[in-house]
Amino acid sequence: MATASGTLWVVATPIGNLDDLSARARSVLGSVVVIAAEDTRHTRHLLQHFGLATPLLALHEHNEAGVVAALLARLAAGEDLALVSDAGTPLISDPGFRLVRAARAAGLRVAPVPGPAALIAALSVAGLPSERFVFEGFLPAKAGARRQYLAALVGEARTLVFYEAPHRLEATLADLAAAFGSERPAALARELTKLHETVIDATLGDLMARVAADADQRRGEIVLIVGGNDAQAAQALAEGRRLYALLRGELAPARAARIAAEFTGAPRRALYAESNATDTNA
C-alpha cells in the first residue's frame, strides 16, 4: 500500500511579540518532522521560548534552489514539514516561493497556518484607505532605479505599502515626496508589536522632517504606507505626462515640467522626477 504524502505547512510567526504565535502554529511546529527556517538561530529562539525541540534546517535565498528536491522527497515519503521565515508570513518578501511552487506542481499538500504579517498590521492602524491596496515590498536600493520605479506608481489610486531598510529611509521618503508630492498622506509604522512600536501618520513632507530630526525613527523594522492618487489627480497627471512628453523635445526637462504642470495641474516634481529617473537609467 502506497504511503500517504506529508503536508508542507506554511506557518506565520510573530513579527515581534512572541505571544502573537497562535496555538495552532505552536501545535504544528511541535508536531512536524522538521522545520525549514530562513535563519535557524532566530527560529531556535522562538522554539525554545515555547519549549519545542523540533529539528531545523536552513532554507534561505542562497540555498533554496538546492534543497527543494530533498524536501519534496521527504514530503513524498510521508513526512510533515513546516516552512517559516524570520518573522511574519513566509513568502511575503521572504524565501519559500520555489518550495511552495514545486510542492504544488508535484501534487503535494501545501496548507497555510495564518497569522502575523507586517504589511497587514501596519495597514490596519495607518488610518489610510484599506479596502484596496497594493503591496510593493522593498523598493530598489539604487536611487535611479528607485525613482524610475516610483514614477510608474504616481497615478496608482490604491493605497501603497512598502517595506524599507532603516539606512535607506530618508532617501526613500525624499524620492516618494518628489514623485508623489510632499502633501500626499502617508504613515510610517516602525517596530510593530515591539517595545518601541511607533506609528506616525502625516504627509510625506512632514514624515521627511520627522525622520530627519529623530534618529530613533531610522531604526528597526519599517513599513511605509502611502495614500493613493485620487481620480482627479490621476487625470491631471496623465495629461501632464502627455504635455511634458511633447514639450521635452523642444525644452529643457525642468522648463518642460514646469509648463506642463502649470497647464494641467499635475505635480511638477512628479514630472521632473520621472524625467530624472529616465535619464539616470538610460
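What's counted below: heavy atoms across the whole structure, side chains too, no hydrogens, waters or symmetry copies.
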* Given Leu83, which of Val11, Leu59, Val32, Ile35 fulfils the side chain to side chain contact (heavy atoms under 4.5 Å, CB included) condition? -> Leu59
* Name of the residue among Asn229, Thr203, Leu160, Asp175 meeting side chain to side chain contact (heavy atoms under 4.5 Å, CB included) with Phe180 ->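 By the side chain to side chain contact (heavy atoms under 4.5 Å, CB included) criterion, Phe180 pairs with just one of Asn229, Thr203, Leu160, Asp175: Leu160.
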* Asked: Does Glu221 pair with Arg190 as a salt bridge, N-O distance under 4.0 Å?
  -> no
Can you find a heavy atom in the side chain of [X] that is under 4.5 Å from one in the side chain of [Y]?
X: Val134; Y: Thr159; value: no
X: Leu47; Y: Leu56; value: yes
X: His196; Y: Asp216; value: no

* Asked: Linking Ile, Leu, Val, Met, Phe, Trp and Tyr through side-chain heavy atoms less than 4.5 Å apart, which residues share a cluster with Leu195?
  ->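 For Leu195, no cluster forms, as it stays isolated from other hydrophobic side chains.
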Can you confirm whether [X] is buried at [atom1], in the sense that more than 12 heavy atoms of other residues, nucleotides or ligands lie under 6.0 Å from that atom?
X: Lys142; atom1: NZ; result: no
X: Gln217; atom1: CD; result: yes
X: Phe50; atom1: CZ; result: yes

* Answer yes or no on whether Arg248 is positioned over the face of Tyr244, meaning its NZ or CZ is under 6.0 Å from the six-membered ring centre and within 45° of the axis. => no
Show me the side-chain donor-acceptor pairs of residues 93-104 shorter than 3.5 Å, one per line, residues at least two apart or across chains.
| from | atom 1 | to | atom 2 | distance (Å) |
| --- | --- | --- | --- | --- |
| Asp94 | OD2 | Ser85 | OG | 3.3 |

* Residues in side-chain hydrogen bond (donor to acceptor under 3.5 Å, both in side chains) contact with Arg258, at least two apart in sequence or another chain ->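 Arg258: no side-chain hydrogen bond (donor to acceptor under 3.5 Å, both in side chains) contacts found.
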* Verify whether the ring centers belonging to Phe135 and Tyr163 lie closer than 6.0 Å. => yes
* Please round to the nearest 0.5 Å and tell me the distance separating atom NE2 of His167 and atom OG1 of Thr172. =>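 With rounding to 0.5 Å, NE2 (His167) is 9.0 Å from OG1 (Thr172).
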